Structures are given as structure tokens and as C-alpha cells.
Amino acid sequence: MGVIIISLPAFMVSEGLSALKVSGFAGMIMLPWGLKVFVAPIMDRVTFISMGRRRPWVITGLVFASLGYVAMGLISDPLNHFTSFMIAGMVASACTALMDVAVDGMAIEILPNKEQAQANGLMWGGKVFGTAITAWASGLTFKQVGISWTLYAAGFTTLMFALIPLLIREREGEKLLPWTEGAPPNRLYRINKLAGQIL
């Protein structure tokens, strides 16, 4: 978010793009975040349950967001191929929003009620801190190494974050990867957890 929502529009202004064009870009990049309400019900019903209810969505979001950043970087002279650049940015943003919905759902489902408020604060603080750091860092690198290499670095960093859900199970006993051993928690486990939250 720091790269494509803050630094990139600022860089576009410094390169002489009109305020209308820059604000249009920022608006289109933010649009997928407003559509999260439609994604959550789908995510509740469609999943690869043996790997976890949310974990496959988190991995998918991170991997495809990474590819979106790389696609943006591959567009030569992006400020003169603005539409293609904006579409690739929307893909990266949509996948990041997808991952955000999945992480929030995972936190609600896994964490005990008494820990959820603190976790939400830490998650939001981490998001803001990460946005600030990447906005600052990409602001430096846009001028030093160019748009493409900055976006490649964003893609690589995002892909590195995908290692976390790739290496850590959502719940004990689930499959780490589709071809590894494991199974979803049994129905009784889920019922007991739900009953514990209600009580």
C-alpha cells in the first residue's frame, strides 16, 4: 500500500502528470478495498479445507499480489502506458485486499475472544507501520533505481511474506501443502471451539 497508494502517485505528480490523472489512478487502486464486503461471503464458502479455512486464501492473495507488482514493473514507460499500468496495479491491490480479508477472518476464527481486541490493534498498527516504511523506502528508490526495480522489490518482498502461511499451519493436523499429509479438524473440534466462544 505504501508503494502503490502513496509513493507512486507522489512520483507521478513529480513527473508532471495531471492531478486528475493521478487521483484517478489512486482511486482505481483503492477501489478493490471497498469491495471486500463481497469477497468475505465467498471466502466463507469456498476453501481448500484440509489446508485451513483461510490459509489458502492468504497464500493466494500474497502470491498473486506479488505477480501484480512484477507485472507493473514489466510495463515499459508506465507513465505513457497508463491504462495497462493502472490495471496491473488494480490486480495487485485486489489481491492484497483479498489477503487482508482472509487474515482478518483467520484472526476472528482462531484467536480467543479476549485476545481479539489486542490482536486487531497489533494488526492495524503493523499495517500502518508497514505502509509508512514502504512509502518512505519506495520514495527513495523510485528516483535511484526507477519504477520497475522498485516494483520488483515490492513483488519479491510480498512473496517472502507468503513463506509465513506456507510454513505455518492454521490449525494443528492440517495439510501444510496440498500434497502433504494432514486433514481438517474434525467436526467435533469446530463445534467445541464455537461453544467455547459463545460461553
Side-chain angles (χ1 to χ4, degrees), residues 1-36 38-39 42-43 54-104 106 123-168 177-178:
M1 291 181 70
V3 177
I4 62 173
I5 294 174
I6 298 175
S7 289
L8 195 48
F11 179 75
M12 290 175 173
V13 170
S14 74
E15 292 295 302
L17 267 68
S18 69
L20 181 62
K21 208 167 186 178
V22 173
S23 61
F25 175 86
M28 294 303 286
I29 294 298
M30 285 298 295
L31 185 62
W33 289 83
L35 303 176
K36 293 197 306 181
F38 301 108
V39 175
I42 297 169
M43 203 174 284
R54 312 287 180 199
R55 190 168 151 263
W57 285 102
V58 174
I59 295 167
T60 301
L62 286 166
V63 169
F64 281 93
S66 176
L67 293 175
Y69 296 130
V70 171
M72 291 177 78
L74 289 172
I75 296 171
S76 60
D77 195 11
L79 301 185
N80 288 318
H81 295 91
F82 195 74
T83 303
S84 300
F85 191 64
M86 184 168 61
I87 291 169
M90 285 182 69
V91 169
S93 183
C95 293
T96 306
L98 176 84
M99 182 272 306
D100 188 66
V101 173
V103 169
D104 288 345
M106 187 186 293
M123 289 164 65
W124 183 252
K127 182 177 176 179
V128 172
F129 181 74
T131 299
I133 292 295
T134 54
W136 170 78
S138 57
L140 293 176
T141 57
F142 276 139
K143 285 291 187 185
Q144 293 178 358
V145 300
I147 292 177
S148 291
W149 283 105
T150 300
L151 291 167
Y152 295 153
F156 176 77
T157 304
T158 303
L159 196 59
M160 290 300 99
F161 275 107
L163 290 175
I164 297 169
L166 275 171
L167 298 174
I168 300 174
L177 296 167

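Here the structure is a predicted model, which means the values were calculated and not measured.
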So which heavy atom on [X] is nearest to which on [Y], and how close?
X	Y	result
I147	P78	CD1-CG, 3.9 Å
M90	P32	O-CG, 3.9 Å
M1	T131	CB-OG1, 3.9 Å
D77	N80	OD2-ND2, 2.6 Å
P165	V58	CG-CG1, 3.9 Å
G73	S148	O-OG, 2.7 Å

Pairs in or reaching into residues 132-151: which pass ring pair (Phe, Tyr, Trp, His ring centres under 6.0 Å), with residues at least two apart or in two chains?
->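 Listed once each, the pairs are F11-F142, W149-Y152.
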Does any pair with a residue in residues 55-78 pass ring pair (Phe, Tyr, Trp, His ring centres under 6.0 Å), and if so which ones, sequence neighbours excluded?
->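 Every pair satisfying ring pair (Phe, Tyr, Trp, His ring centres under 6.0 Å) with a residue in residues 55-78: there are none.
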Should the heavy atoms of other residues, nucleotides or ligands under 6.0 Å from CG of L167 be counted, would the total exceed 12?
->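 Yes - once you tally the heavy atoms of other residues, nucleotides and ligands closer than 6.0 Å, there are more than 12.
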Give the ring-plane orientation class for F25 versus F85, where under 30° counts as parallel, over 60° as perpendicular and anything between as tilted.
->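 The arrangement is parallel - the two ring planes meet at less than 30°.
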In chain order, what residues pass the side-chain contact (heavy atoms from CB on, under 4.5 Å) check against A71, with sequence neighbours excluded?
->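 A71 satisfies side-chain contact (heavy atoms from CB on, under 4.5 Å) with A88 only.
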Kindly say whether A153 contributes a backbone atom to a donor-acceptor pair with the side chain of T157 at under 3.5 angstrom?
->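 It does hold such a pair.
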Would you give the length of the straight line joining atom [atom1] of [X] to atom [atom2] of [Y], rounded to the nearest 0.5 angstrom?
X	Y	atom1	atom2	value
D100	M123	CG	CE	7.0 Å
I4	T150	CD1	OG1	13.0 Å
T134	I5	OG1	CD1	9.5 Å
M99	R54	CE	CZ	14.5 Å
M72	L74	CE	CG	11.5 Å
I164	R55	CD1	CZ	12.0 Å

Quick one: does L159's side chain get under 4.5 Å of V63's, heavy atoms only?
->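 Of all side-chain heavy-atom pairs linking V63 with L159, at least one is under 4.5 Å.
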